[in-house]
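A quick write-up on the structure given underneath.
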Amino acid sequence: MAAMAAALRGPVARFRSRTRAWTRGTRGAANAVGGQQQQQQQSFDLLVIGGGSGGLACAKEAAQLGKKVAVADYVEPSPRGTRWGLGGTCVNVGCIPKKLMHQAALLGGMIKDAHHYGWEVTLPIQHSWKKMAEAVQNHVKSLNWGHRVQLQDRKVKYFNIKASFVNEHMVQGVDKGGKVTLLSADHIVIATGGRPRYPTQIKGAMEYGVTSDDIFWLKESPGKTLVVGASYVALECAGFLTGIGLDTTVMMRSIPLRGFDQQMSSLVTEHMESHGTRFLKGCVPSLIQKLPTGQLQVTWEDHASGKEDTGTFDTVLWAIGRVPETRNLNLEKAGVNVNPENQKIVVDAQEATSVPHIFAIGDVAEGRPELTPTAIKAGKLLAQRLFGKSSALMDYSNVPTTVFTPLEYGCVGLSEEEAVALHGQEHVEVYHAYYKPLEFTVTDRDASQCYIKMVCLREPPQLVLGLHFLGPNAGEVTQGFALGINLPKVMMDRPPQTVHLTFHFECVQMWGVICTGDADSRDPSHLLRRGGETAHLQALRPGAHCDWMLRLSHHPCQAEGTRYAM
Amino acid sequence: MSSPPGRRARLSSPGTSRLSSEAREELRRRLKDLIEGNRVMIFSKSYCPHSAKVKELFSSLGVEYYILELDQVDDGINVQEVLTEISNQKTVPNIFVNKVHVGGCDRTFQAHRSGLLQKLLHEDSANDYDLIVIGGGSGGLSCAKEAAKFGKKVMVLDFVVPSPQGSSWGLGGTCVNVGCIPKKLMHQAALLGQALQDSRKYGWEYNKQVKHNWETMTEAIQNHISSLNWSYRLKLREKGVAYINAYGEFVEPSKIKATNKKGQETFYTASTFVIATGERPRYLGIQGDKEYCITSDDLFSLPHCPGRTLVVGASYVGLECAGFLAGLGLDVTVMVRSVLLRGFDQEMAEKVGSYLEKEGIKFQRKFTPVLIQQMERGSPGVLRVVAKSTEGPETIEGVYNTVLLAVGRESCTRKIGLEKIGVKINEKSGKIPVNDMEQTNVPHVYAVGDILEGKPELTPVAIQAGKLLARRLFGGSLEKCDYINIPTTVFTPLEYGCCGLSEEKAIEVYKKENLEVYHNLFWPLEWTVTGRDNNTCYAKIICNKFDNERVVGFHLLGPNAGEITQGFAVAMKCGLTKQLLNDTIGIHPTCSEVFTTLEITKSSGLDITQKGC
């Protein structure tokens, strides 16, 4: 293999040319070189490495534009041996199974609510992991199948091979049986995504721990679980595990949901704590041992006390971050640069890597949000640019997202911290409210953490910088509001001042509507200033008052007179 | 009320001493207006020490007063002349309190000492109230409370005439008592029923025998409503709004009669009135309807499970009720005279209907009941319904435990004395036409809420209109209520949310060739595992091709449509275009993200069915 690779290094100069004729022309040469190893070489207009959300979207779009496209996808089994089909993280070990298990947990809550609404459910109520997992896995498998069919329909060639670069135009792929395929293409898109990180320095971590790569595919209930980490993956998993009735503990080293608004994040964990998830804060695991009973004994260090502690769990789930899948790609052979610190591929606004005809999209690319919809869109736009349909660049700003913890947290735009860092405390105004969803009234559900917040610039027209929503269905609610954040980009035909004002104003109104459960406090709301001076917003709406349903928060900022209640 | 020094009224009339009888009448009328329009009216001369003493007295009492300085107006001599005719007093100061002539300086001080002045003052302004609101529903309460914030003296009259079945309720109007709130909660109960079924697919295991207890649900909901009724009363008290549980009826332009439960009558006057009486369900006017049928006024507090139910009418009220009753496990039939959800997008309406059919609701189209008979008494009893085809002589019969009429609503405008003061109503619909300031044809009478002609019958709209009206009336605001692009959601088991125009209306307004309609069917992720249909949920936007593909209509049939529609409605207010939808990243995996990826136009005729396995 090494010999072959060396032999192939020769014609590199020729591959630089982007003409199709050239690359096609190399087929014979490559076959001749590797002939003894029965390699097949095929050439394409576009080769996509990685069959996840971004890769598939890019491949399908290119094929639709009449190009000859190949996708190489291969799932390296997790250390626990979990593997899955085509579709990448989102479909197999991410958004889809996560949201379904979240739904399972929500349904558990609804069963509990039901008796308040007259449904006579007889106890005991139990949950079968097996049944849920099977249903979820069946759906995922149907999606795998669906992706294959879609590729076929669009005449995209799919290779279930583990790909690595031979040179900047050629990739070699090895299949399960060890058979090698050579693929060359004018354009190559790397969309290999990321995989969960293991804390390899911790003894027993690899051996006994699982990650999000495994949890959705477990055949048996994980039982009493320790989730290590406080990323959204960690909190989402801990949330649904608690929700389906498992004894769940989250061990976090520092802050929850790094990168998200910290006030919102602490409300998220507060809600989880009040709903049965245990938190070990400021703790770091140091050792995992298997007990004769089959259970795992975890030893950790409590940073605050400096003491060591131990606990016994059935499952330890690592959710301490993800690493990009770049190590096995032989990127150096193609000359593609990665950031040595995080191993992510460095890209420009065109998604191009250091090699102009090699691109990277999705989680593997440096500085991109690790989200399915951005990867899909980036992939589509990339294909459109490559094959002449459009020159539009992907806009990564103001991407809305939702954390599917038991109480969902949806947001778009800047967190309060980011806004303050960017514009200075004195230029930032925050509107906020606690609210009680109507459905919570009858069931007497605790709504202490149902909270919304709008981060704005203080100067009129009070440009809305960030929207944050914590409550049921936050995912669904946030989408429409996310439109507004992007208003100035497209509303060229209207004065931006007006657009901002309208959006700001309407947000306050509408959130006022969502905020409150009964007709009266559904008052399209007003802005109450805590400080003495008159708010300029009162010019919009004279007569300020705070609704009785809406409690003011204990947030320290309020004392400074910078917060309004919506 | 404390605003000394007094404001100065100005009269400007040509300064002649000889008055024509016409001019004299005109001046007399204006002086009367001043006297009647002001709680304390002082005619004085700026240099007169007696006048100054009187002004000081009222200032010290903290009473607002109006002054006309006769030496500073051009026609002061004429004023004094006419004043003499009116009051039989030649001198100044000449003081009137609440339309009553008190006299000059000495008599005013005498009245002060004897307590007469206070008594007169406490009879308050020319009228008892600055504002009387008739109707304590969403619109009326919001208007009253807002007016109170401006320091105005406000009264709310609310009286619930019991339904023919005897249902009545507390303060808060339709939304709180017999509308949005209980409806949404019963909808939630039905959704939980669905959730119970779904939950098994998600691994939840419990005894399969799950029954629904109507009484438990109704009690929980009624308890919540009672707490709201109570909180409304408390809030009115906090804001200093007088609340009377009495039926209000105009007897004079500025006077109403309030009749309480015991039939006691009291009269109140006000300078401004707001009518916010709302609507009540309509009856068919057939034999047995008021006797045996119930309406949405009765359903939410029905003490027993309605059992096998016939819903007459396919308004949103009819379909919502049919939806949750079926969701609670009842046998439900809907009898429809013509179309479903009149006024809504008809493509969406039909989709709503077919989902209801899938949920087991039977539809009897093109029939209308002609006779309701009681077969058996009981809770519920048994009723026989005879219905006639709207297209021919065919009749059908059915036997039900409950017949729920949802055939529209009637404005409560015909028995409140409007004819006595000349407020015009649309004789056919009973609705009140108003200008864009919610003003009726009688200038000091306004109206908000469901009784307005041509305005949406929605709680948030009434609240907003009532509040803005109070601000314009008393707060110097100019802002009018915007009735355009108001979002709404029909809470049928599968929710239908919309904002802007229906497709039919859009075609009427913009012409078909100027519109592009984008649409798609979608399969909520949560439905996959439960094996629910993958071609039921539907998203549609209607764009104006020649205005940057501006979105003029937004329609969504799917779970949580109510929650989803809000944000999109905000964007529509700001001028949402198709481009903005394209440029916005979806939130994955949600239903709402479908709007960020709408590609198929209706005009292309391309297939939108989802091919999931």
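All figures in this text were calculated on a predicted structure; none of them were measured in a lab. Lettering of chains follows the sequences in order, A, B, ..., and the numbering in each one begins at 1.
Contacts of A:Thr374 with chain B are made by both backbone and side-chain atoms, with heavy-atom separations under 4.5 Å. With a 4.5 Å cut-off on non-hydrogen atoms, A:Ile244 touches chain B through its backbone and its side chain both. Neither the backbone nor the side chain of A:Leu106 comes within contact range of chain B, judged by heavy atoms closer than 4.5 Å. Contact of B:Gln209 with chain A is made through the backbone alone, with heavy-atom distances under 4.5 Å. Both the backbone and the side chain of B:Lys211 come within contact range of chain A, with heavy atoms under 4.5 Å apart. Using a 4.5 Å cut-off between heavy atoms, A:His116 touches chain B through its backbone atoms (N, CA, C, O) alone. A:Pro400 touches chain B through backbone and side chain together, each having a heavy atom under 4.5 Å away. Residue B:Leu196 touches chain A through its side chain alone, counting heavy-atom pairs closer than 4.5 Å. No part of B:Asn177 comes within reach of chain A, as not one of its non-hydrogen atoms sits under 4.5 angstrom from that chain. Heavy atoms of A:Met101 lying under 4.5 Å from chain B are absent altogether. With a 4.5 Å cut-off on non-hydrogen atoms, A:His115 touches chain B through its backbone but not through its side chain.
Residue with the most contacts toward chain A among B:Ser199, B:Gly137, B:Pro559, B:Ala462: B:Ser199 (heavy-atom pairs, distance under 4.5 Å). For the set B:Gly193, B:Gly329, B:Gly531, B:Ala220, the entry with the most heavy-atom pairs within less than 4.5 Å of chain A is B:Gly193. In terms of heavy-atom pairs under 4.5 Å with chain B, the best-connected choice from A:Gly108, A:Ala135, A:Pro124, A:Cys90 is A:Gly108. Taking chain A as the reference chain and counting heavy-atom pairs below 4.5 Å, the highest number among B:Thr596, B:Thr597, B:Thr565, B:Leu525 is found for B:Leu525. Between chain B and the residues A:Val121, A:Ile111, A:Ile96, A:Thr402, the largest count of heavy-atom pairs under 4.5 Å involves A:Ile111. With chain B as the partner, the residue from A:Glu120, A:Glu476, A:Gln103 showing the most heavy-atom pairs under 4.5 Å is A:Glu476. Across B:Ile585, B:Thr584, B:Val529, the residue that shares the most heavy-atom pairs under 4.5 angstrom with chain A is B:Ile585. The most heavy-atom pairs under 4.5 Å with chain A, out of B:Asn207, B:Thr528, B:Thr216, B:Ile225, come from B:Thr528.
Closest approach of A:Phe404 and B:Pro589 over heavy atoms only: CE1-CD, 3.9 Å. The two atoms that bring A:Leu100 and B:Tyr202 nearest to each other are O-CE2, 3.2 Å, heavy atoms only. Shortest non-hydrogen contact noted between A:Gly480 and B:Ala571 is O-CB, 4.3 Å. In this structure, A:Tyr117 and B:His212 approach most closely via the heavy-atom pair O-NE2, 2.7 Å. Nearest heavy-atom pair across A:Lys377 and B:Asp583 is NZ-CA, 3.4 Å. When all heavy atoms of B:Leu192 and A:Ala114 are compared, the pair lying nearest together is CD1-CA, 4.0 Å.
For B:Arg472, the CZ atom is densely surrounded, since the number of other residues' heavy atoms within 6.0 Å is greater than 12. For B:Arg200, the CZ atom is densely surrounded, since the number of other residues' heavy atoms within 6.0 Å is greater than 12. By the 6.0 Å contact criterion, CD on B:Glu219 is open, its count of non-hydrogen atoms from other residues, nucleotides or ligands being 12 or less.
Between B:Tyr206 and A:Gln126 the shortest side-chain heavy-atom distance does not fall below 4.5 Å. B:Leu581 places a side-chain heavy atom less than 4.5 Å from the side chain of A:Leu483. Between A:Leu438 and B:His224, some side-chain heavy-atom pair lies under the 4.5 Å cut-off. With contacts defined as side-chain heavy-atom distances shorter than 4.5 Å, the pair B:Leu328/A:Trp119 qualifies. A heavy-atom distance below 4.5 Å is found between the side chains of B:Glu526 and A:Lys99.
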Does B:Leu191 form a side-chain contact (heavy atoms from CB on, under 4.5 Å) with A:Met110? I'd like the steps, not just the answer. CA-CA 9 Å; B:Leu191 289 183; A:Met110 292 186 216; over 6 Å; no
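Rounding to the nearest 0.5 Å places CD1 of A:Ile376 at 7.5 Å from CD of B:Glu593. A:Thr478 contributes atom OG1, which lies 10.5 Å from atom CD of B:Glu563 (distance to the nearest 0.5 angstrom). In this structure, CD1 on B:Ile221 lies 9.0 Å from OG1 on A:Thr441, to the nearest 0.5 angstrom. Considering SG of A:Cys95 and CD1 of B:Ile587, their distance stands at 12.5 Å, rounded to 0.5 Å.
Looking at B:Glu599 and A:Lys380, a side-chain N of the basic residue comes within less than 4.0 Å of a carboxylate O on the acidic one, giving a salt bridge.
Residue B:Trp204 is tested with A:His127, A:Lys131, A:Met132 for a side-chain contact (heavy atoms from CB on, under 4.5 Å); the sole match is A:His127.
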